[in-house]
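Worksheet for the structure shown next.
Below, chains carry the letters A, B, ... as their sequence lines are ordered, and counting in each starts from 1. In this text the structure is predicted, and so the values were computed from the model without any measurement.
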Amino acid sequence: MLDLKFVRDHFDQVYGMLKNRRQNLDLKLFADLDEKRRSILREVEELKHRRNVASDEISQLKKDKKDASTQIEAMRDVSQSIKVLDQELLDIEQKCKEILLLIPNMPHESTPLGADEKDNPEVKKWGEPPKFQFDPKPHWEVGESLGILDFERAARMTGARFALYWGQGAALERALISFMLDMHTRRHGYTEVLPPFMVNSGSLMGTGQLPKFQSDLFKLEGWDYYLIPTAEVPVTNIHAGEVLDEDELPKLYAAYTPCFRSEAGSYGKDTRGLIRQHQFNKVEMVKFTQPETSYDELEKLLLNAEAILQELGIHYRVISLCTGDLGFSASKTYDIEVWLPGQNTYREISSCSNFEDFQARRANIRFRRKGQSKTELVHTINGSGLAVGRTLVAVIENYQQEDGSVAIPPALRPYMGNTEKIEKRA
RNA sequence: GGAGAGAUGGCCGAGUCGGCUGAAGGCGCUCGCCUGCUAAGCGAGUGUGCGCUGUAAAGGCGCACCGAGGGUUCGAAUCCCUCUCUCUCCGCCA
């Protein structure tokens, strides 16, 4: 959420931002409502002031055992007017808030201008695509023939976009989770957390999934609970409503959670394999920082995510999302795209973003500088480190052998009982 | 699921029969004094949001906020209702 006063004072700038993001929103209505809100506010506050003054008089008269019925009678009407105006004010404020919650974040100046994903510039590349003496296969073919991935049975027990992992496949997924968490906690300084996998609507409001993206979420019937679409939601909300001490910043958290997404509107896209599932595992990194260090922390977080792929020895590139492709809450986002030889393409495996104070304002996450009484909003940053299912896809496709087996990258072997490769079960 | 207790400022904790309580007291923190250093001590200060006004920075005035929402009243932290959460006991359970 943007600051109300910021929107009021930088109207043209916000308007331009919406255009760059290709968003349509009635800002004029917002300006009118805001104007009206302030005029009613002035009126009702004046009345309340009169009531407060009269209240003191009445109190004094009663103490002196004098008659106060004239004043009381007069205040009856005033109170009635206040009631009416307060209701009117509430309605307008509600509408203002609704609009404000739908305004996306201001992109950072370093976010490139552009219309869509075609305009996302590549900012770096690491490693090389592996050379194959045979035609590399997509992971679903490798996985199914090895008997470690089973989409048919998952579809039978649940439905499309779910997967059943078998044996070494399940173990590989689990190994990746431990490997990633260990890297982030032991080498990168993050504190591991294991949050609830369901959150209430307030938390989703805080990180920006609601009210706009309700249809992307799975909601539990009869409860104000949603399955989390990403650990970002519960982990960022850990400190919702809190005032942190400056010297505890930056706070670094890493969490493994499953993620649940309805993938509404993605019919027909990526229908095969693990790439787009209703449920997938992810290790997420979340940071709470001071405003002045947030962009440095974003760069570090990106390196922390990259380190996973480097340890696994898998080629990737990093792109910077342009204004037209940038997520609703983000000011700046880097995507890491991993090389998938079986599909001859790069696929997003991590998204690292700085939200500046956008989420902090919604979730009310503040900090106090040493020796200051005033609080400020923190900046929040998060990124996948990494999407586990897609990492498993990358391992399978990049490490597949001509005989259909899959070699285990050395870094993962300690997590797999020193297994060196996955072969077809006898 | 049943019974009871509670929710006040960064934290702890008072609030009498509804009427100078933004809220006592303490802790913490900041500044000043004292001090060779540290500790202790003394003095002053220390919530947020919004509106109006306004400054070089500031400030001033007003309104609201004592878990959330609603009600009663001229007036509610204080009375009533609903909800949420926490704690204790019972039941159930991995």
Quiz item: Less than 4.0 Å between a side-chain N and a carboxylate O, is that true for A:Glu35 and A:Arg38?
Solution: yes

Quiz item: Going by an N to O cut-off under 4.0 Å, is there a salt bridge joining A:Glu98 and A:Lys95?
Solution: no

Report yes if at least one side-chain N or O of [X] is closer than 4.0 Å to OP1 or OP2 of [N]; otherwise report no.
| X | N | result |
| --- | --- | --- |
| A:Arg76 | B:C74 | yes |
| A:Arg37 | B:G51 | yes |
| A:Lys97 | B:C50 | no |
| A:Arg38 | B:C52 | yes |

Starting from [atom2] on [N], measure out to [atom1] on [X] and report it in whole angstrom.
| X | N | atom1 | atom2 | answer |
| --- | --- | --- | --- | --- |
| A:Asp77 | B:C74 | CG | P | 11 Å |
| A:Glu248 | B:G10 | CD | C1' | 11 Å |
| A:Asp224 | B:C85 | CG | C1' | 14 Å |
| A:Ile58 | B:C20 | CD1 | P | 13 Å |
| A:Asp86 | B:G71 | CG | P | 10 Å |
| A:Asp56 | B:G62 | CG | C1' | 14 Å |
| A:Gln71 | B:U73 | CD | C1' | 16 Å |
| A:Lys62 | B:U73 | NZ | P | 14 Å |

If pairing requires Watson-Crick or G-U wobble contacts with both distances under 3.5 Å, which nucleotide is the partner of [N]?
| N | value |
| --- | --- |
| B:C17 | none |
| B:A56 | none |
| B:C79 | B:G71 |
| B:U84 | B:A7 |
| B:U48 | B:A64 |

How far, in whole Å, is [M] from [N] if one measures between their [atom1] atoms?
| N | M | atom1 | result |
| --- | --- | --- | --- |
| B:G45 | B:G25 | P | 11 Å |
| B:G13 | B:A76 | P | 28 Å |
| B:C89 | B:U78 | P | 30 Å |
| B:C66 | B:U48 | C1' | 13 Å |
| B:A14 | B:C27 | C1' | 15 Å |
| B:C93 | B:A5 | C1' | 25 Å |
| B:G75 | B:C61 | C1' | 22 Å |
| B:G15 | B:G6 | C1' | 16 Å |

Practice problem: Taking the side chain as every heavy atom from C-beta outward, state whether A:Asn304 and A:His184 have any pair of such atoms under 4.5 Å apart. | Solution: yes

Exercise. Could you tell me whether the side chain of A:Tyr226 reaches within less than 4.5 Å of the side chain of A:Phe260, counting heavy atoms only?
Key: no

Candidate nucleotides [options], ranked by approach to the side chain of [X] - the nearest:
| X | options | value |
| --- | --- | --- |
| A:Arg51 | B:G51, B:G70, B:A64 | B:A64 |
| A:His49 | B:G51, B:G19, B:C63 | B:C63 |
| A:Ile72 | B:C74, B:G70, B:C50 | B:C74 |

Exercise. Quick one: label A:Arg50 by what it contacts on the DNA or RNA (base, sugar-phosphate, nothing), any heavy atom closer than 4.0 Å.
Key: nothing

Quiz item: If you look at every strand shown and take non-hydrogen atoms under 4.0 Å, does A:Leu41 touch a base, only sugar-phosphate, or nothing?
Solution: sugar-phosphate

Exercise. For RNA chain B, find the residues of residues 3-10 of chain A with a heavy-atom distance under 4.0 Å and give them by number; none if there aren't any.
Key: A:Lys5, A:Arg8

Quiz prompt | Contact nearer the 5' end of RNA chain B, comparing A:Ser59 with A:Val243 | solution = A:Val243

Exercise. Map A:Arg366 and A:Asn52 onto RNA chain B by nearest heavy atom, then report which one ends up closer to the 5' terminus.
Key: A:Arg366

Quiz prompt | Greater than 12 external heavy atoms within 6.0 Å of A:Lys36's NZ | solution = no

For the backbone of [Y] and the side chain of [X], can you confirm whether one donor and one acceptor N or O come within less than 3.5 Å of each other?
| X | Y | result |
| --- | --- | --- |
| A:Ser145 | A:Val142 | yes |
| A:Arg362 | A:Leu101 | yes |
| A:Asn120 | A:Cys322 | yes |

Quiz item: Do you know the tightest heavy-atom contact between A:Gly147 and A:Trp166?
Solution: O-CB, 3.1 Å

Quiz item: Can you name the closest pair of heavy atoms from A:Lys282 and A:Ala387 and give their distance?
Solution: CG-CA, 4.1 Å

